[in-house]
Student: 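Here's a structure for you.
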Amino acid sequence: MQRPGKGKTPRRNFPRKASNTDKDPVGVYCRIRPLGAENEECCVEMISSSTIQLHPPDGLKANRNGEFKETQYSFKKVFGIKTTQMELFEEVAKPLIDDLIHSKNGLLFTYGVTGSGKTFTMTGSPGEGGLLPRSLDMVFNSIGPFQAKRFVFKPDEKNGMEIQNQVDALLDRQKRDSQPIVPKTPSSRQRADPEFGDMISSEEACKCDNVDEDCCFSVFVSYIEIYNNYIYDLLEDAPYDPIRPRPPQSKILREDQNHNMYVAGCTEVEVKSTEEAFEVFWKGQKKRRIANTQLNRESSRSHSVFVIKLAQAPLDADGDHILQDKSQVNVSQLCLVDLAGSERTSRTKAEGSRLREAGNINQSLMTLRTCMEVLRENQMYGTNKMVPYRDSKITHLFKNYFDGEGKVRMIVCVNPKADDYEETMLVMRFAEMTQEVEVARPVDRPICFLAAGRRHRNQAFKDELSRRLEERGGPISDDPVLLNQLVESLPQLPPCELVDPSDDQTLSRLIEVLEKRHCARQLITEQFNKTANKLKSMLQQFDGQLGARETFLHDQQSKLSEKEKVIIGQKTEIERLEKKSKMLEYKIDVLQKTTDMYEHDKRSLQQELETREQRLQRELSERRRMEQRMQCMVTDAKLKWEKECERQVNAKQLEMQNKLWVKDEKLKQLKAIVIESSSSSGAAGGGGGGGGVPQRSEAPERPPRERDRSMAQKRTPSPLSTALPVHPMHRRSHSAGGEKWVDHKPTSNLELDTVMQPIIPNAVKVSTPNEKALSKCNMYVLRHQELASDGEIETKLFKGNVFKTRAGGQAVHFTDVETLRQECPTASSRKRRSGSAERPVQTDDIENRPPLMSTSYSNQKRRKP
């Protein structure tokens, strides 16, 4: 969905400098490349066929008014994301090819941020050829039938062109054909060079109309790059030294006699077809410096300039040969420039050589922008400021174009993604300023003043002459040059038009010329016969010399065979040494790769070791913190439970003391009742014997002390004695049941046999609980013995249920606490009533009483053994 475009701010009308020559503004076009992904944010919108609008991406700061500032820029034409390479060529490059064929210069360069599609626009890809291959195809489609033979035109190394005669050109061609072609070693690592047939289909071929047929053409191409502000020739065949490889030599700029800048010593290759020209281009393209950056996988690190130079010269009056006049030679050229993209090192993360390359690229583009600004200021305000062309090689090389030596066109490539918004804004400002720079319109240069149609008439004459010779049955020379020389050697025929029937002079002159031609023919025949006889004698002499030469040659061949054997032996030795050298090189490569692999493994293992050590240190520190935390928690819990146990013990002691006091009081009351009943029954018996008089009951007499002491020793053990009763009575513990128990008896308990110990059937006795014992039982009891407050032994039984946990272990849930305590029957009660001292304590009735046992129950939290 397109946003409504804002109104454009009208430009200011600056006073322009008056000019006597016609000028045209620099043609600036804009091409928008598609986004890399559908979900990327777009900041460029195509409003119309000549206007685009930039939207600030989300997150960018607003302007002072609090609104996002949207800007619009106009161009000569805007090409959207669906524009094909053919449509772009028809609109931008095709007029420049027409001017090139009509002896006019042209400059076309692409400009934009890195990764915006400049190289694709200029070179293209298989199936989508760019501007360069399409320009070559149009040139050769237009001048194909009118090309001169190879080496007829020859560069003079001063940015000019010379015309060679037929003999010199023939010698150069033979020298070129005699040079051996060194086959290239196939390599699986290098990709195959794309062929021209894969770039452009035959349906997209185009040609120029109105080509001068009376001229001969020849195409020369050169390819240079400007890297770090140095010029290098990409087509230079420098000898390769494997021992001491030399870096490529940089070239310098010079000025010719017409004050045009050119690269001195640059290789200019004469090409005769589109395929040959594209092959030469790709040869130089492989030498161009390309690197991988964060923003572009194949980023151009230099400015490349591909020059198509077209030399043309008129034919002579006969329309057969090129006019041997250097002043009539016209040379025009078209420069196709692929500028390296501007980039910010903060985004590309460039370092080292990449950082230096980016700095030089940005510096050269800044110089180009400065030159445009000065040109625009000079033209608008009439100033005469010096344009800083010499600050950069790229501007110094093309200063003639901005001074009026040809048309200048620029294609601004734009990447619409939001990350390139700020760089795109700077590119748009430069493009808008460049459109205001005007360049002088080139003037048509006439070639010569000879009559037109010379080539056509010459071809018609040759065809007619061949036809007549065929009719007469004469020989037809295969070489037209010899035929022309023979015709030119005869006297020239006079005009044969008869205007008046009485004109006898014309016929007489014609007869005279024909007689001269007949005499010349006879002389030629006689000379031919003499030459033939002389040739026969020479052949006989040559036969005799040939025999002697053959004998000498036979001797030399025998010697040569011996030398060849020596050479074969040396070649065999050389091959063996080469194989050995290759084997050693292969082993060195294998060892180097193995060393690199081991080094990589070593680095990775060291990194892993450091990572694990760091992880171990973190775990140890975490473990120490956990141990400290758990120790604090255990200490706190231990203190808490000790206080709680002490409080419960004190409360339980107080409760038991109260119960004992209550029982003592009841026992005293019961004893008093028994004593009173026995005394009343004795009194009743005495009264019956004595006559029935009631008497006051008297206290029974105390038996002797010896008897009491003996009875006490027999019945009641001494409190100070540590001997245990032989058969003490005990009560049945609550633990007796049908369940299966784990009887946990710590080793610290006293061995009291059956005293104060419960009898638990079906019990597994352990001193330390384990998972195996807990898995076989469903009940658990823990025995704990300690001294009570009165100095007697007290046994506590902590009981609980055993159940399985989710993790597969065993846990115990404590549900009951049973206390077993032994009391001495002779021990006096701590608390008595106030009237208990009046009554004697009867110990005879409780001597054989079994020890009292109290059971207390309380719910406990779940604990593990």
Side-chain angles (χ1 to χ4, degrees), residues 612 615-616 618-652 655-656 730-786 788 793-821 853-865:
R612 293 193 177 185
R615 188 187 306 169
L616 181 60
R618 289 196 299 269
E619 290 178 356
L620 289 176
S621 61
E622 185 69 24
R623 183 175 180 180
R624 285 194 292 269
R625 289 196 298 270
M626 185 63 69
E627 288 178 354
Q628 293 176 0
R629 192 187 310 167
M630 295 304 296
Q631 287 179 359
C632 294
M633 292 176 63
V634 169
T635 304
D636 296 340
K638 184 177 180 180
L639 293 175
K640 179 180 177 182
W641 283 108
E642 284 179 355
K643 292 179 181 179
E644 183 68 18
C645 290
E646 184 178 358
R647 185 186 62 79
Q648 291 184 3
V649 167
N650 294 335
K652 186 63 67 175
E655 181 182 357
M656 296 305 296
H730 62 275
R731 65 181 294 276
R732 184 175 178 85
S733 173
H734 289 288
S735 302
E739 298 87 355
K740 196 167 184 179
W741 292 76
V742 174
D743 189 0
H744 181 192
K745 183 178 180 182
T747 56
S748 61
N749 291 356
L750 298 176
E751 292 294 339
L752 302 179
D753 197 14
T754 60
V755 179
M756 305 300 293
Q757 300 294 330
I759 299 175
I760 304 176
N762 298 328
V764 178
K765 295 182 179 182
V766 294
S767 60
T768 302
N770 52 45
E771 186 176 357
K772 181 177 180 182
L774 291 174
S775 62
K776 296 180 180 180
C777 305
N778 55 359
M779 301 297 289
Y780 172 84
V781 61
L782 172 63
R783 303 187 185 193
H784 177 68
Q785 292 181 348
E786 62 182 3
I793 296 177
E794 184 180 68
T795 302
K796 289 186 178 181
L797 305 178
F798 298 91
K799 302 178 183 179
N801 298 326
V802 180
F803 62 93
K804 294 183 179 181
T805 61
R806 292 183 178 180
Q810 306 292 331
V812 176
H813 181 204
F814 291 97
T815 58
D816 187 14
V817 178
E818 183 176 348
T819 304
L820 305 179
R821 185 172 56 189
M853 302 185 69
S854 61
T855 305
S856 63
Y857 304 94
S858 63
N859 295 326
Q860 301 291 335
K861 293 184 179 180
R862 181 183 303 175
R863 293 183 184 176
K864 292 184 179 181

Student: Got a second to check how far Leu782's CG is from Lys796's NZ, nearest 0.5 Å?
Tutor: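 These two atoms lie 11.5 Å from each other.
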
Student: Are the side chains of Lys745 and Lys765 in contact, using a 4.5 Å heavy-atom criterion?
Tutor: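 Lys765 does not reach Lys745 side chain to side chain.
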
Student: Is Gln810 close to Lys804 at the side-chain level, that is, under 4.5 Å between some pair of heavy atoms?
Tutor: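 Counting from C-beta outward, Lys804 and Gln810 do come under 4.5 Å.
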
Student: Give a yes or no answer on whether the side chain of Asn778 reaches the backbone of Asn801 with a donor-acceptor pair at less than 3.5 Å.
Tutor: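 No.
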
Student: Nearest heavy-atom pair of Leu797 and Val781: which atoms, and what distance?
Tutor: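 Shortest heavy-atom contact: CB-CG2, 4.0 Å.
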
Student: With side chains defined as the heavy atoms from C-beta onward, is the minimum distance between Val742 and Lys776 less than 4.5 Å?
Tutor: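 Heavy-atom side-chain distance check fails, nothing below 4.5 Å.
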
Student: Check the angle between the aromatic planes of Phe798 and His784 and answer parallel, tilted or perpendicular using the 30° and 60° thresholds.
Tutor: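 Tilted: the ring planes of Phe798 and His784 meet at 30° to 60°.
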
Student: Sub-3.5 Å donor-acceptor pair from the side chain of His744 to the main-chain atoms of Ser767, do we have one?
Tutor: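 The answer is yes, because a donor-acceptor pair under 3.5 Å joins these two groups.
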
Student: For the pair Glu622 and Arg618, find out whether any cationic side-chain nitrogen is under 4.0 Å from an anionic carboxylate oxygen.
Tutor: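 Looking at Glu622 and Arg618, the cut-off is not met.
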
Student: Are any non-hydrogen side-chain atoms of Arg623 and Glu619 less than 4.5 angstrom apart?
Tutor: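 With C-beta onward as the side chain, the pair stays apart.
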
Student: Using a strict threshold of under 4.0 Å (side-chain N to carboxylate O), is an ion pair present between Arg647 and Glu644?
Tutor: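 Yes.
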
Student: Show the nearest heavy-atom pair for residues Tyr780 and Val812, with the distance to one decimal.
Tutor: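 Looks like CD2-CG1, 3.8 Å.
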
Student: Nearest 0.5 angstrom please: Met779 CE to Thr815 OG1, how far?
Tutor: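 Those atoms lie 6.0 Å apart.
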
Student: Does Lys652 pair with Glu655 as a salt bridge, N-O distance under 4.0 Å?
Tutor: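 Yes, charged N to carboxylate O under 4.0 Å.
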
